[in-house]
Each structure stands twice: as structure tokens, then as C-alpha cells.
Q: 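Quick one: the structure is below, questions incoming.
One-based numbering along the sequence shown. All figures in this text were calculated on a predicted structure; none of them were measured in a lab. Read the numbers this way: they start at 1 and go in the same order the structure lists the ligands and their atoms.
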Amino acid sequence: MHENTAIAHPNIAFIKYWGNRDNDLRLPSNGSISMSLGALETRTTVTLESNLTSDELVLDGSSQSGVALERVSTFLDIIRSASGKHKFAHIVSENSFPQSAGIASSASAFAALALAASRAFDLDLTERELSILARRGSGSAARSIPAGFAEWHMGSSSDDSFAEAIAPPDHWPLWDCIALVEDQPKKVGSTQGHQLAGTSPLQSARLQDATRRLDLCREAILKKDFAKLADVIELDSNMMHAVMLTSQPPLMYWSPLSIEIMRQVTIWRAGGLEAAYTLDAGPNVHIICTAEARQSVSDRLSEIQGVMDVIISPVGGGVFLTTR
Ligand code: DP6
């Protein structure tokens, strides 16, 4: 029996991916930079069974059909065609964090699936090839293949649009304190959102300035310069949300509490606490902070009325195979 299990972590983007130049291939309109979240993981087992007549997906204990299964099956088609083996797969995937936590699980999901499924189909891919493959399932999954701090190069074609590590996990012990503001699934998912990015008149300005922000962010990470990192990640998050708010139809992911937390974080930083905010396509606020600031950040977040929970994570590793 061909059974393979892989574990991957989600990641939080410091410089965001928002908009594709090719939606089908998930070729992004700009490069992005992220940090792996070691405390959270997706564990996925892929088994090829000759008696199956279609792919099967069991996610957090419940059997999937419809859109979720179709997305996975379409992804497996890429692997089937690359391997020349036209077998169906039974996939079991578990997240260590609740789906309801509103933390994007598609990055860790497709990173773990890319490794487990490619091994099940006897493909021995390099890290770069795995990142390219994972990208086809979910763009941000490209960045959950390497360890630590990763940069996804927009590339000139599918073959050079991949993520690689810019610094290992132990380079800089940063933490992500995630303030859970809502536990409802988002109304407009990222895949749909990417397709609206181009309808905002602000997207072209955002893209034009992307190289500058990528350079600032990469440099801040390499030099461990928190003040510079804080400025660029907050600017980049605000620019992405400005595009979301001005697309047609407009996407408003922030809740009043998200805004309150952002305001608090800037006040805390002005008072000397090394913390900065960033938000993905949802209302939960990720507060990136130094190891010294972590306890204080999570204590202060817990005291804000309406914050449902605070999940904390250090910098994590890359995707890996495991024996169950
Ligand atoms: C706001 O990778 O979830 O989190 O490729 O359609 O799966 P798909 O989109 P996805 O988009 C992530 C958007 C973001 C920013 C980021 O992670 O860079």
C-alpha cells in the first residue's frame, strides 16, 4: 500500500499576495514574504487504492464532497499527469487548529498535500518543485514549503514562481499572537478576492511599489530591525486592505474590533513595545512581536473586550514527511 503522511504549517504574510496575473496557474501579481507558524499544523495522509473510482477526502473527521473535493481532485490531476499514474487517492487531513478559528488553512493544507501526494505517486520533487506544485493548489501554500522566513518570487512563468527561505527559523525568534475576533468563515474567500483585485484603481499603485516593500521587508528580517519591519508590514497590510475596500464589489474584512486592536498596537509600539499588526482576508488580527514582547502582547490582547482567544506561535519549519 502506498501511504504517505506529511505535516505543514500555515504562514502569515508580511508582504501580501493579492491578485494573480494568471488565475489558473496562480501566478501572482507581486512577490510576497512570510513567516511559518510552527505552533499550528496540518497533517495529511494520502493513500492510493486501486479499488477507488474517484478521490476521497476526509477533513477533520468529516467526509467532503462538492467544491472542497473538486479543488483537491483538480490538484491531484496535476500530479497524476506528471507521474503518469492514473490512480485515485484517499486523503485524510487534520488541522491542529479549529477551522472556526478563521486562520487560513489552505496554505498548510496544500503544502502538506503536495508533499504527501507527490510521494504517494512516486515523484521525488526538490523543494523548489514542491513549492511550484503547492502554489497550484493555493498561492500561499508555495510559502509553506520552505522553513522559517520565506519569499515567493512572482517569477516570469510557472517554472520560476516559487518560494524559498530567506532566513531559517532560529534566525530571529519572532512570534505571532493572533487575536481571534470572529469565528465565522469568511464571506468572500481569497480565491474569489484575488479575482477582484484588478477592479480597484489602487491595485496598480500597490503593485508598482511592491519591489520597494519587498526589499525593505527582506532587509529588516536579515538585519533583525524590528522598527523597520513593523513599518513595512503595517503599510503592506493597509495597502492590501485599501485595494480590497476599493474593489468592485468592495470587500470589507475588518470588523470594528479589528480596527480597535490595530489602533492599540500602534499605541503600544509608540510606548516601546515591539509589536506590529497585519491582517489577512478576515477580521482576526495577527500581532507580530519579539520574544521579549510576547507575554505582554498576549496579556494585553486578552484584556481587550470582545477578543475571543489569543493563539500564539513562534517561527516554524518547512513541510516534512512523517510516519503517522
Ligand atoms: C490575504 O493563498 O488563500 O492571505 O491561491 O486562492 O488559495 P488562493 O489564495 P490564498 O491567498 C492568500 C491571501 C492573503 C495574503 C497572503 O497570504 O499573502
Q: Is the closest N or O pair between Ser140 and ligand 1 shorter than 3.5 Å?
A: yes
Q: With a 4.0 Å cut-off on heavy atoms, is Ser32 touching ligand 1?
A: no
Q: Quick one: which ligand 1 atoms are inside 4.0 Å of a heavy atom on Lys16?
A: 18 (O)
Q: List every atom of ligand 1 that sits less than 4.0 Å from any heavy atom of Ala281, numbering the atoms from 1 in the order shown and giving each element.
A: 1 (C)
Q: Using a strict cut-off of 4.0 Å, indicate which atoms of ligand 1 neighbour a heavy atom of Arg71.
A: 7 (O), 8 (P)
Q: Please state which part of Arg136 comes within less than 4.0 Å of ligand 1, counting heavy atoms only: side chain, backbone, both or neither.
A: neither
Q: Counting only heavy atoms, tell me which of Ser190, Pro10, Gly137, Ala134 gets closest to atom 3 (O) of ligand 1.
A: Ser190
Q: Go through the side-chain N and O atoms of Thr74 and Arg136 and say whether any donor and acceptor fall under 3.5 Å apart.
A: no
Q: Check whether any N or O atom of Trp18, backbone or side chain, sits under 3.5 Å from an N or O atom of ligand 1, and answer yes or no.
A: no
Q: If you define the side chain from C-beta out and look only at heavy atoms, does anything of Phe149 sit under 4.5 Å from Pro168?
A: no
Q: Check each heavy atom of Ser138 against ligand 1 and say whether those closer than 4.0 Å belong to the side chain, the backbone, both or neither.
A: both
Q: Does Gly139 reach ligand 1 with a nitrogen or oxygen that is under 3.5 Å from one of the ligand's nitrogen or oxygen atoms?
A: yes
Q: Can you confirm, on distance only, whether ligand 1 has an N/O atom lying under 3.5 Å from any N/O atom belonging to Arg143?
A: yes
Q: Without hydrogens or angle criteria, can the side chains of Ser32 and Arg143 be said to hold a donor-acceptor pair below 3.5 Å?
A: yes
Q: Could you check whether the rings of His9 and Phe320 sit parallel, tilted or perpendicular, using 30° and 60° as the cut-offs?
A: tilted
Q: With a cut-off of 4.0 Å, which atoms of ligand 1 are near a heavy atom of Ala13?
A: 16 (C), 17 (O), 18 (O)
Q: Tell me which one of Asp176, Thr278, Asp280 satisfies side chain to side chain donor-acceptor pair (under 3.5 Å) with His286.
A: Asp176
Q: Using a strict 4.0 Å threshold on nitrogen-to-oxygen distance, state whether Asp215 and Arg218 make a salt bridge.
A: yes
Q: Hey, is Arg213 close enough to Asp236 for a salt bridge, meaning N to O under 4.0 Å?
A: yes
Q: Quick one: side chain to side chain donor-acceptor pair (under 3.5 Å) partners of Thr44, sequence neighbours excluded?
A: Ser93
Q: Could you name the option among Asn11, Thr191, Asn30 that has the heavy atom nearest to atom 6 (O) of ligand 1?
A: Thr191
Q: Can Trp175 and Ser313 be counted as having a side-chain donor-acceptor contact under 3.5 angstrom?
A: no
Q: Under a 4.0 angstrom heavy-atom cut-off, which atoms of ligand 1 come close to Met240?
A: 1 (C)
Q: On a heavy-atom basis, I'd like to know which of Met244, Gln195, His194 is closest to atom 10 (P) of ligand 1.
A: His194
Q: Restricting to non-hydrogen atoms, name the atom on Met240 and the atom on Leu279 that form the minimum distance, rounded to 0.1 Å.
A: CE-O, 3.4 Å
